[in-house]
Protein chains: 2
Amino acid sequence: MGYLANAPRLDALIEGLESADSIERLQSASVAFRDFYGVNHVVYHWVNSAGEQYGCGTYDDVWVDRYLEKGYLRVDPVIQGCYQKFHPIDWKRLDWSSKAARAFLQDAIAHGVGNQGFSIPIRGPNGQYALFTVSHICSDEEWEEFTTGHRRDLILIAHCFNQVALQLEPGRAPDQGQPLSPREVEAMTMLAIGLSRAQAADKLSISEHTLRVYVESARFKLGALNTTHAVARALSRGLIVV
Amino acid sequence: MGYLANAPRLDALIEGLESADSIERLQSASVAFRDFYGVNHVVYHWVNSAGEQYGCGTYDDVWVDRYLEKGYLRVDPVIQGCYQKFHPIDWKRLDWSSKAARAFLQDAIAHGVGNQGFSIPIRGPNGQYALFTVSHICSDEEWEEFTTGHRRDLILIAHCFNQVALQLEPGRAPDQGQPLSPREVEAMTMLAIGLSRAQAADKLSISEHTLRVYVESARFKLGALNTTHAVARALSRGLIVV
DNA sequence: TGCCGCCTCGCTATTTCTGGGGAGTAAGAA
DNA sequence: TTCTTACTCCCCAGAAATAGCGAGGCGGCA
């Protein structure tokens, strides 16, 4: 399958994907990419900032249901492994050594998932996390050839899926609440790096009480229930960096 | 500048980038891309998991020094804005309304940064954060044409920069410490969403003391000084998701 | 089989955090 | 100018977290 000859058709597919306005159209885009590349499966899975999971792709419904029912999310080395990475990864390079992982793999292959796979993780500022996966049944050599040949396309497609998924997410992004003041940011940062209030106040050269005012203020702005929650939210929203 | 005619040359540039093994070579790759696209500046900036900042690109040293000296990191709407996004963004769409931001913009243009810019944020699991930026001096229309025409290339290039930068990062990724047990993860998650220890214990249907054991254990594994610190670390390392 | 890690539970004492209250200055926005 | 917002400081009582001590059962691994 020559890249150049198919480039215009790929462009058309990507444009179709970019204009998708529903999960159903993401689904049909998955099918289109699967057919285009002649692979067994193309899947896009994402977790929005509320922690809700979505998925679309060419997997059999039976497999998807089984996956959820069996709690494979906590076993699947693809999910676990890619969550720690931020570049595309071949399934062969993941850790399949645990017993649960091997059982999962066997089950997956039995459901036609494919012995080869290539997944691209992308993450967002508010805990959004997406995984674009292509899987296939073939030899290591064939798969190597496929992934090296289409790696760049796949990254691009993953990005496009991601952008569409983001738009489908209900408007959480637009500044849910007021921004933190500089001092509030500093105070929250001190707490996030493990300092007690007294230490943090000392570090910022202010009284402990003043620091407390900042923390309380930040907590209020973040709609957090306590300091730990506030720090967690500030981190998740990218307001502070540790 | 036709895309098709230059595609092979672009491929060569990307391959050159992918083989880079030092910051210096990233630097020269920036120059190559700048010349290829005929824009004023190409810059790549990243923050590794230790919070250390790096940058390379075609900006003048004078401007870089001034940027750091003036603390523009905390003012620059590109940094602040892109940190909240996870898709490419045109500088025009950022919030330049604050006084500090306008002053910064004026200073930036005076140092030849360019009135137009396009930045692509990418982030990693352990707080790594990267920004690939192309900036230029031209009209809105010209810039619009450039960004729509080269958007996909730029995303790809950003990814490649990212991958190289990751490889340059000293090996922090490989499991700095033991992983958290499932119950520890659940316990930390409960705290991260704002529950008190008593509430969290209730939610997990265990005694408060048991929950406390998990939290302490997690805190120990994470090398954290207190609960808030532990939650912050667990979040930063992607061990829990809120 | 023995070891190790995980999960579960109880008690006590000390330190720290939380959540109310109020009050004044300085700087930037309307 | 007026008004808001950010920043700074103080007190107090009750709630929560921390740091020790202890125990036993279960399951995987060598």
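In what follows, chains are A, B, ... by sequence order, proteins preceding strands, each numbered from 1.
- When every heavy atom of B:V62 is checked against every heavy atom of B:H111, the shortest pair comes out as CG1-CD2, 4.2 Å.
- For the OP1/OP2 pair of C:dT8 and a distance below 4.0 Å, the side-chain nitrogens and oxygens of B:S207 include no atom meeting the criterion.
- Residues B:E208 and B:N226 each lie close to DNA chain C; by heavy-atom proximity, the contact nearer the 5' end of the strand is made by B:E208.
- Contact check, B:T210 against C:dC9: a side-chain N or O comes under 4.0 Å of OP1 or OP2.
- Nearest heavy atom pair, residue A:V231 against residue A:I240, reads O-CD1, 4.3 Å.
- Taking atom NZ of residue B:K221 and atom C1' of nucleotide C:dC7, one finds them 12 Å apart after rounding to whole Å.
- Between B:V213 and A:S196, the one whose closest nucleotide on DNA chain C sits nearer the 5' end is B:V213.
- For A:L204 and D:dA6, the CG to P distance is 17 Å, given to the nearest whole Å.
- Residue-level contact check: B:S217 touches neither bases nor backbone, having no heavy atom under 4.0 Å from any strand.
- For C:dG5, the OP1/OP2 oxygens have no side-chain nitrogen or oxygen of B:R183 closer than 4.0 Å.
- Within 6.0 Å of atom CD in B:E208, more than 12 heavy atoms from other residues, nucleotides or ligands are found, so the atom counts as buried in its surroundings.
- Scanning for side-chain hydrogen bond (donor to acceptor under 3.5 Å, both in side chains) contacts around A:T58 gives A:H41, with sequence neighbours left out.
- Rounded to whole angstrom, the span from the CG atom of B:L180 across to the P atom of C:dC6 amounts to 10 Å.
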Which atoms of nucleotides 11-15 of chain C (N or O only) lie under 3.5 Å from a protein N or O atom, and what are those distances?
residue	atom	partner	partner atom	Å
C:dC11	N4	B:H209	ND1	3.2
C:dC11	N4	B:R212	NH2	3.3

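- Nucleic acid contact for B:T227: sugar-phosphate only, since backbone atoms but no base atoms lie under 4.0 Å from a heavy atom of the residue.
- For the ring pair (Phe, Tyr, Trp, His ring centres under 6.0 Å) with A:Y54, the lone residue among A:F161, A:W46, A:Y129, A:Y44 that qualifies is A:W46.
- Residue A:R219 places its side chain closer to C:dG19 than to any other of D:dT18, C:dC7, C:dG19.
- Across C:dC7, D:dC9, D:dT18, the shortest atom-to-atom separation from the side chain of B:S181 is found for C:dC7.
- Closest approach of B:N115 to B:H136, counting heavy atoms only: OD1-O, 3.1 Å.
- Residues A:H159 and B:H159 bring their aromatic ring centres within 6.0 Å.
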